Amino acid sequence: MADEKELRYDPAAIEPKWQQRWAADPALYAAEPAASGKEKYYVLEMLPYPSGQLHMGHVRNYSIGDALARHMWMRGYNVLHPMGWDAFGLPAENAALKNNTPPREWTLANSAAMQKQMQRLGLGYDWATEVTTCLPDYYRWNQWFFLRMAEKGLVYRKQSKVNWCPDCATVLANEQVVNGCCWRHEDTLVAQQDLEQWFLRITAYAEELLKGLDNLEGWPEKVRTMQRNWIGRSEGTEIDFAVENRPEKIRVFTTRVDTIFGATSLQLAPEHPFVVALAQADQGLARQVQGLIEEQKKARESDDFGAIEKHGIPTGHIAINPYNGDLLPIWVANYVLLDYGTGAIMSVPGHDERDFEFAKKYALPVKRVIAPADPRAEEPELPFTSDDGVLVNSGDYDGLAVAAAQRRLQEEAENHGYGHAKVTYRLKDWGISRQRYWGTPIPMVHCETDGLVPMPDDQLPVILPNKIEITQQGGSPLGRVPEFVNTTCPKCGKPARRETDTMDTFIDSSWYFYRYTDAKNSAAPFDPAKAQYWFPIDPYIGGVEHAILHLIYSRFWTKVMRDLGLIVNDEPAKRLFTQGMVIKDGAKMSKSKGNVVSPDDMVARYGADATRMYALFAAPPDRDLDWQEDGVAGVSRFLGRVWRLVTKHSPTARNADSLQSSSKSEKGGALQRKLHQTIAKITQDFEGRWHFNTCVAAIMELVNEMQAADAELSSGEVPAPVVRELLTSLVLLLAPFAPFLAAELWEELGEQTAILRAPWPKSDPELAREDEIEIPVQVNGKLVSVVRVPAGAQPKDIEAAALADEKVRARSAGKTVAKVIVVPGRTVNLVVK
RNA sequence: GCGGAAGUGGUGAAAUGGCAAACACACCAGCCUUAGGAGCUGGCGCCCAAAAGGCUUGCGGGUUCAAGUCCCGCCUUCCGCACCA
């Protein structure tokens with residue numbers, strides 16, 4: 001019975017054994033100091049939120065990163081492969097409410113559980129550099145950075161709108177607003193509230209963040225485009241309009257100043273200062289404007305801003321077009337946004353869809369001022385929004401092309417002092433205040449005498465109190481902890497109040513990957529020399545859902561740190577790799593759909609190796625992956641074949657002299673050829689394409705061939721040194737994808753050292769070369785036959801072989817061969833007439 | 001509306017412009033048996049009873065000796081952004 005048991009591949013026996021051995025050897029996955037002299041490789045996967053459970057998306061993400069890390073270790077690189085926990089955030093507070101567990105305990109228990117899962121999966125992380133963002137030795141540096149930014153003028157406070165869930169009685173982040181409702185209360189509309197908020201001046205870096213994208217060649221085009229759109233640079237003109245009988249001027253932003261002779265009104269956002277001023281003196285107007293504001297609010301809340309019907313209110317005031325003296329009625333319109341441009345537009349119904357719709361509704365005049373560039377073209381229907389045109393009905397500017405007219409009109413405005421060219425961004429400053437408990441306290445003090453006073457560095461960290469009652473009452477929870485709130489002013493020493501807002505959790509993840517390079521540093525966020533050695537990150541691997549927020553914030557943070565003199569790199573990551581989603585039955589896995597596959601379950605049934613290898617085999621890593629359990633079973637069966645193949649022939653391999661492995665036997669030569677072709681293919685894929693699905697397929701082909709030659713391997717027909725080479729190389733190739741089985745079989749082959757330290761096999765082109773190859777022969781582009789020729793055959797020999805082929809002769813009988821194209825090693829095409 | 005990606009067997013997929021469907025899954029037939037979530041052999045795009053042959057990469061054009069791959073125009077799906085002036 002025992003013997004038979006041994007004939008079966010049993011991951012449940014193999015994997016825990018190696019897991020224990022690896023855990024007992026912390027140096028195995030540890031990064032070495034720069035002095036190692038090895039070339040560095042920093043492979044990073046996005047750190048998880050410690051929810052308590054890994055999901056399949058994590059497994060896929062980490063399987064990709066771990067395969068790369070293991071491969072690079074075997075290539076002799078100094079590899080940094082760290083892991084940590086994005087540990088602040090609302091779920092911990094929700095759990096606290098639900099289970100009466102303190103957020104800190106809940107979070108740390110979760111990350112400990114997930115670390116166990118990761119170790120069970122055999123992921124090779126250097127746990128000595130682990131970062132947990134909710135611990136004071138990490139978040140104190142958030143506070144430190146905040147103070148440095150404040151010194152540089154990158155921090156300010158201002159009144160701002162926030163998302164407010166009345167049921168939770170708390171502020172929500174934008175990403176927690178789903179279709180205008182709270183993510184935890186699907187039927188509760190999120191309201192907008194005005195609060196005084198802390199902001200980081202990310203817009204100071206808007207231009208650099210945009211320009212830098214052009215050089216990020218290792219980032220997916222999709223992500224770069226999304227960031228470009230998010231930053232939303234647009235070039236235009238600001239023009240000041242005087243108002244009849246009023247002292248104010250109204251500044252308008254437009255990208256189409258060339259259409260200004262077609263302006264027939266000005267439209268102002270309901271919250272525009274001019275409107276506010278008018279409303280103060282006019283109850284009726286005030287009420288109407290309030291109506292518009294309510295409408296906008298509602299539209300914003302329902303996430304359907306574009307769909308509300310345009311309407312407006314005439315103010316009765318008149319603006320003057322500075323170019324031609326036209327008198328333009330001033331309106332308040334519900335489709336104009338206060339926070340883009342200047343909050344005021346010139347309305348040109350002839351050449352803008354929205355203005356046209358508005359003008360039709362209120363019977364405002366529509367003027368044609370742009371004609372198609374081609375004079376023969378028919379006069380187009382209005383609105384004509386193309387910028388390929390020339391000016392008409394525009395005084396001295398008639399006949400100018402759009403672009404030229406814009407330049408001339410800008411010059412004119414500057415000469416007369418009523419306008420100038422202007423670049424506007426859609427990117428807004430980063431509102432980082434959260435009226436929540438579980439986050440980094442903002443290190444500021446409110447003093448009656450000195451106002452806002454930053455905490456001195458030597459009083460950091462401002463510790464988040466542990467004992468706190470989390471309730472559903474409004475306001476910052478920290479405000480209800482007197483020991484926290486009551487302090488003394490660092491400047492004057494008088495009693496003062498601490499800031500009770502905490503920081504957005506995206507701050508935690510904006511720089512965590514620098515901390516990995518020096519995670520235990522208690523004097524600085526990290527040693528610049530260490531960061532300089534490891535940065536930039538070589539591949540940064542994660543889901544595309546972070547394309548905007550996290551990846552813009554962390555680029556911003558990198559630039560700030562560079563300007564603080566801490567680092568020398570401009571960008572955090574050389575290459576960004578966005579893996580596809582894991583889906584099941586055509587839909588993203590989710591609890592509500594009931595199609596969630598648990599990694600623990602897969603590991604229990606098929607083992608970590610099969611689970612990981614399936615995650616790499618089922619699809620290329622950048623595409624969505626459809627999880628099919630039968631596929632995991634298939635990979636598991638394959639690993640069983642490998643196990644049987646290697647254990648069966650390992651005695652032969654162990655006794656072989658490893659120095660001579662070149663085979664004289666035909667079968668041995670064929671297997672060696674396949675082996676060296678496989679090594680070449682996989683090595684090449686690791687160098688950039690990362691199509692691990694075809695790497696696994698190539699290993700399967702190799703195993704299939706070896707299995708088919710089982711008799712020759714057993715009989716000695718294939719020399720023992722070749723058997724040895726075949727088996728050891730196979731196990732080495734498998735190591736990045738199925739680390740447990742590879743380690744087990746490595747030992748089975750009598751190897752003493754860790755497989756992770758064994759050199760990656762090298763493909764010998766001599767051994768990989770085919771003796772004879774098949775060349776498809778086409779006649780007039782149609783496949784007709786296949787001829788066999790020696791591998792290095794000359795074009796004329798290949799041509800002769802093709803012409804001699806029977807099927808080819810039949811096909812070209814009675815016709816003349818007009819042309820012969822020979823692609824050596826590839827194909828022959830005969831053109832016959 | 002703007003931007004991005006993708007459309008290939010029953011399924012996941014493969015294919016530096018050079019034999020479309022490698023490798024797997026599922027299915028079918030057979031073998032073995034210690035009856036297992038095991039192993040082995042064979043079959044498996046479509047048309048034709050089979051062979052021979054023909055057809056086939058969303059649709060329509062084009063470039064080329066040669067197109068799943070390159071170019072142009074459409075259609076569909078997914079994703080991101082969106083009264084952004």
Side-chain angles (χ1 to χ4, degrees), chain A residues 1 4-5 7-9 220-230 232-234 236 252-256 259 267 296 299 304-310 333-337 339-348 352-355 357-358 385 424-426 544-545 547-548 580-581 583 586 605-606 614 617-620 622-638 640-641 644 684 689 691 693-701 703-704 707 710 774-786 818-823 825-832:
Chain A
M1 273 320 270
E4 279 132 23
K5 179 82 185 161
L7 285 173
R8 295 195 54 170
Y9 164 59
E221 194 53 47
K222 173 179 177 142
V223 172
R224 294 200 275 169
T225 306
M226 282 167 74
Q227 292 210 357
R228 281 191 191 104
N229 292 341
W230 186 263
R233 182 183 200 272
S234 83
V252 151
F253 175 74
T254 176
T255 53
R256 289 295 303 273
T259 63
Q267 305 289 343
Q296 274 195 345
D304 202 12
F305 201 75
I308 63 171
E309 199 191 329
K310 292 173 188 43
N334 66 344
Y335 70 97
V336 178
L337 309 169
D339 55 2
Y340 184 79
T342 60
I345 63 165
M346 64 177 201
S347 179
V348 184
D352 182 279
E353 302 271 2
R354 296 151 302 176
D355 295 344
E357 189 187 331
F358 191 87
T385 57
T424 299
Y425 298 91
R426 210 180 66 98
V544 74
E545 64 273 18
I548 302 291
M581 278 190 308
I583 57 177
R605 286 192 221 182
Y606 304 102
Y614 175 74
F617 174 62
D622 54 339
R623 292 246 292 260
D624 284 353
L625 183 158
D626 190 49
W627 195 271
Q628 298 183 0
E629 194 171 326
D630 285 334
V632 189
V635 170
S636 168
R637 284 197 295 269
F638 166 72
R641 284 204 296 280
R644 283 192 301 278
Q684 204 183 352
R689 205 176 70 138
H691 277 197
N693 55 329
T694 58
C695 291
V696 173
I699 297 176
M700 287 173 169
E701 283 186 55
V703 169
N704 289 348
Q707 213 180 358
D710 190 68
E774 290 190 334
I775 303 272
V777 183
Q778 300 170 29
V779 174
N780 290 340
K782 257 194 175 341
L783 178 73
V784 166
S785 186
V786 175
K819 198 173 173 189
V820 181
I821 292 108
V822 179
V823 185
R826 283 290 181 188
T827 189
V828 180
N829 193 3
L830 307 174
V831 183
V832 304

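The structure presented is a predicted model; accordingly, all values stated were derived computationally and were not measured.
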Distance between the [atom1] atoms of [N] and [M], in whole angstroms?
| N | M | atom1 | value |
| --- | --- | --- | --- |
| B/rG73 | B/rC79 | C1' | 24 Å |
| B/rC19 | B/rA5 | C1' | 30 Å |
| B/rG10 | B/rG58 | P | 13 Å |
| B/rC84 | B/rG7 | C1' | 33 Å |
| B/rU57 | B/rA51 | C1' | 27 Å |
| B/rA22 | B/rA35 | C1' | 34 Å |
| B/rU8 | B/rU69 | C1' | 12 Å |
| B/rG17 | B/rC27 | P | 37 Å |

In whole Å, I'd like the distance from the [atom1] atom of [X] to the [atom2] atom of [N].
| X | N | atom1 | atom2 | answer |
| --- | --- | --- | --- | --- |
| A/Arg826 | B/rA15 | CZ | C1' | 10 Å |
| A/Glu629 | B/rA26 | CD | C1' | 14 Å |
| A/Asn829 | B/rG18 | CG | P | 13 Å |
| A/Arg623 | B/rU8 | CZ | C1' | 10 Å |
| A/Ile699 | B/rA24 | CD1 | P | 12 Å |

Counting side-chain heavy atoms from CB outward, which of [options] is closest to [X]?
| X | options | answer |
| --- | --- | --- |
| A/Arg8 | B/rC65, B/rG12, B/rG36 | B/rG36 |
| A/Thr827 | B/rA15, B/rA13, B/rG18 | B/rG18 |
| A/Arg641 | B/rC23, B/rA85, B/rC40 | B/rC40 |
| A/Ile345 | B/rA85, B/rC23, B/rA14 | B/rA85 |
| A/Ala618 | B/rG12, B/rC40, B/rA85 | B/rG12 |
| A/Asn693 | B/rA13, B/rA66, B/rC23 | B/rA13 |
| A/Val831 | B/rC65, B/rG4, B/rC83 | B/rC65 |
| A/Leu783 | B/rC19, B/rA22, B/rG37 | B/rC19 |
| A/Asn704 | B/rA15, B/rC23, B/rG37 | B/rC23 |
| A/Arg426 | B/rC79, B/rC83, B/rC84 | B/rC84 |

query: Between A/Val828 and A/Tyr614, who's closer to the 5' end of RNA chain B by nearest nucleotide?
result: A/Tyr614
Of A/Ala698 and A/Asp626, the one whose closest RNA chain B nucleotide lies more 5': A/Asp626
Scan [X] against the nucleic acid and name what it touches under 4.0 Å (heavy atoms): base, sugar-phosphate only, or nothing.
| X | value |
| --- | --- |
| A/Gly232 | nothing |
| A/Arg233 | nothing |
| A/Asp355 | nothing |
| A/Asp630 | sugar-phosphate |
| A/Pro220 | nothing |
| A/Glu774 | base |
| A/Phe638 | nothing |
| A/Gln684 | nothing |

Watson-Crick or G-U wobble partner for [N], using a 3.5 Å limit on both distances?
| N | value |
| --- | --- |
| B/rC40 | B/rG30 |
| B/rC2 | B/rG80 |
| B/rA49 | none |
| B/rG73 | B/rC59 |
| B/rC23 | B/rG12 |

For [N], take OP1 and OP2 only and decide whether either is under 4.0 Å from a side-chain N or O of [X].
| X | N | result |
| --- | --- | --- |
| A/Asn780 | B/rC65 | no |
| A/Arg637 | B/rC40 | no |
| A/Gln628 | B/rA24 | no |

message: Using only modelled atom types and a 3.5 angstrom limit, is any donor from either the side chain of A/Glu353 or the base of B/rC83 paired with an acceptor on the other?
response: no
- prompt: For the base of B/rC65, is there a side-chain donor-acceptor partner from A/Lys819 under 3.5 Å away?
  reply: no
query: Would you call B/rG58 syn or anti, using the 90° rule around 0?
result: anti
